[in-house]
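Computed from a predicted model, the values in this text were never measured in an experiment. Letters go in sequence order (proteins before strands), and every chain restarts at 1.
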Number of protein chains: 2
Amino acid sequence: MTTDVFAVLADPHRRKVLELVAARERTAGELAAEFDVSRPAVSRHLRVLKEAGLVTCRQDAQRRIYRLDPGPLTEVTGWIERMSGYWAGRLSALEAHLDANPEAPR
Amino acid sequence: MTTDVFAVLADPHRRKVLELVAARERTAGELAAEFDVSRPAVSRHLRVLKEAGLVTCRQDAQRRIYRLDPGPLTEVTGWIERMSGYWAGRLSALEAHLDANPEAPR
DNA sequence: CAGTTACGTAAGCTTGCGGTTACATATGCG
DNA sequence: CGCATATGTAACCGCAAGCTTACGTAACTG
């Protein structure tokens, strides 16, 4: 089971599914109609998204209605923020260095 | 050439490279030493990262020194923010509906 | 210049992922 | 109950992605 959110987001079809369910919940059929690939393929993507916790699914008669759960996305934003944090720290170190060695003043 | 930032971030090795260069720039050899895979494998990851614009590379004698460029990450954060925006809109629509039909008041 | 260091590239192999077709399951309907 | 609708599962296939080994290429070093 692929539980890595980054890997799940790597597929454009899955990202489009998320965009679609972000606005309003949709049935599997409605979602499948938006893609050029076969319905089983979409069904697999939905399973992957569900396993990753990015969508939830409730049943209404024969239909399965999918809804976005943006929770796991915090793993991504958190990682990027940490990166940017380190990056900012590195930059300020560079600035300190440039301040101490002003050979190319702005 | 894979220019899709999401796909580039899908690989854990590449994410670790980014984490490593986020703190301070590193040579290809330093980076390779941090992984259990062969050096050519790391070299390929570096190429992918470079093509995606996530790292830059300058040469110092025989060494290649890699540095983070967080710029392309905005594509990811932007996408997630848009998602969250739609999500929030959907939520407020739900809230409006609940306000208009208060059959389960809080 | 010959040897070493530090990398990247090429070629080939393997595996995993996404796709399709065919089938199973479950619910509503007459 | 029998049929249609809606959807997931199974089995199989092809290809792209990542890994490895072997080799090519600069640049420093004595």
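- Of all nucleotides listed (dG28(C), dA27(D), dC7(C)), dC7(C) comes nearest to the side chain of R63(B).
- The NZ-P distance, from K16(A) to dG18(C), rounds to 17 Å in whole Å.
- F35(A) places its CZ atom 13 Å from the P atom of dG18(C), with the value rounded to the nearest Å.
- Nearer to the 5' terminus of DNA chain C, by closest-nucleotide assignment, is the contact made by D11(A) (compared with the other of D11(A) and Q59(A)).
- Residue Y66(B) places no side-chain N or O under 4.0 Å from the OP1 or OP2 atom of dA6(C).
- In this structure, the side chain of R26(A) engages the main chain of L20(A) through a donor-acceptor pair within 3.5 Å.
- Within residues 36-45 of chain B, the residues having any heavy atom closer than 4.0 Å to DNA chain D are, in order of number, V37(B), S38(B), P40(B), A41(B), H45(B).
- Side-chain atoms of K16(B) come within 3.5 Å of backbone atoms of E34(B) as a donor-acceptor pair (strictly under, hydrogens ignored).
- A salt bridge links D4(B) to R15(A): at least one charged side-chain nitrogen sits closer than 4.0 Å to a carboxylate oxygen.
- The side-chain heavy atoms of L18(A) and W79(B), taken from C-beta on, include a pair separated by under 4.5 Å.
- Rounded to an integer number of Å, the gap from D4(B) CG to dA16(D) C1' is 14 Å.
- Applying the side chain to side chain donor-acceptor pair (under 3.5 Å) test to residues at least two apart or on different chains, the pairs with a partner in residues 37-48 of chain A are R14(A)-H45(A).
- Considering only the side chain of R64(A), dT7(D) comes nearest among dT7(D), dC28(D), dG18(D).
- L46(B) places its CG atom 14 Å from the C1' atom of dG18(D), with the value rounded to the nearest Å.
- With values rounded to the nearest 0.5 angstrom, T27(A) atom OG1 is found 9.5 Å from D60(A) atom CG.
- At whole-Å resolution of the value, CD1 in I65(B) and C1' in dA27(D) are 14 Å apart.
- Minimum atom distance to the side chain of A28(A) is reached by dG8(D), of the listed dG8(C), dT9(C), dG8(D).
- As rounded to whole Å, 5 Å separates atom C1' of dA27(D) from atom CD of Q62(B).
- For the pair D60(A) CG and dT7(D) C1', the interatomic distance rounds to 13 Å; values are reported in whole Å.
- Between E51(A) atom CD and dG8(D) atom C1' there is a gap of 13 Å when expressed in whole angstrom units.
- No side-chain donor-acceptor contact under 3.5 Å links E75(B) to the backbone of P72(B).
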